[in-house]
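What follows is one structure encoded as structure tokens, with my remarks underneath.
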Amino acid sequence: MGRRPFTFVTDGVEAAVKQASEQAGDGVVGVAGASVVRQCLNAGILDAVRVSLVPDWRGVPYFAGLEATSVRLGQP
């Protein structure tokens, strides 16, 4: 694979996802990490969530602290 450009976005997760979506065109934009996923869910800007279950009780709870009143998840 060739070199990939990257950009640091400092004005919030919504701006970062918007910029990534513009760059991706018809491609998929992925986010990772419990904190970033939670911010995206609270902002209502995720279309899907993929969770790999690996028990690690030291980590950050994936869905803890959601501000959204309802997040509907479909069957895998």
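- Counting heavy atoms of neighbouring residues, nucleotides and ligands inside a 6.0 Å radius, atom CD of Gln23 does not exceed 12 of them.
- Shown here for Cys40 and Leu46, the closest heavy-atom pair between the two residues is CB-CG, 3.5 Å.
- Of the options Leu66, Val13, Val37, a side chain to side chain contact (heavy atoms under 4.5 Å, CB included) to Asn42 is made by Leu66 and by none of the others.
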For this session: Begin with the C-alpha distance, continue with both residues' side-chain angles, and end with the deciding distance and a verdict on side chain to side chain contact (heavy atoms under 4.5 Å, CB included) for Leu41 and Val49.
Result: CA-CA 9 Å; Leu41 285 170; Val49 176; 4.2 Å; yes
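- Cluster membership for Val9 and Val31, using ILVMFWY side-chain heavy atoms within less than 4.5 angstrom, is not shared.
- Across all their heavy atoms, Arg38 and Ala64 have their closest contact at CD-O, 2.6 Å.
- Within a 6.0 Å sphere centred on CG of Asp11, other residues, nucleotides and ligands contribute more than 12 heavy atoms.
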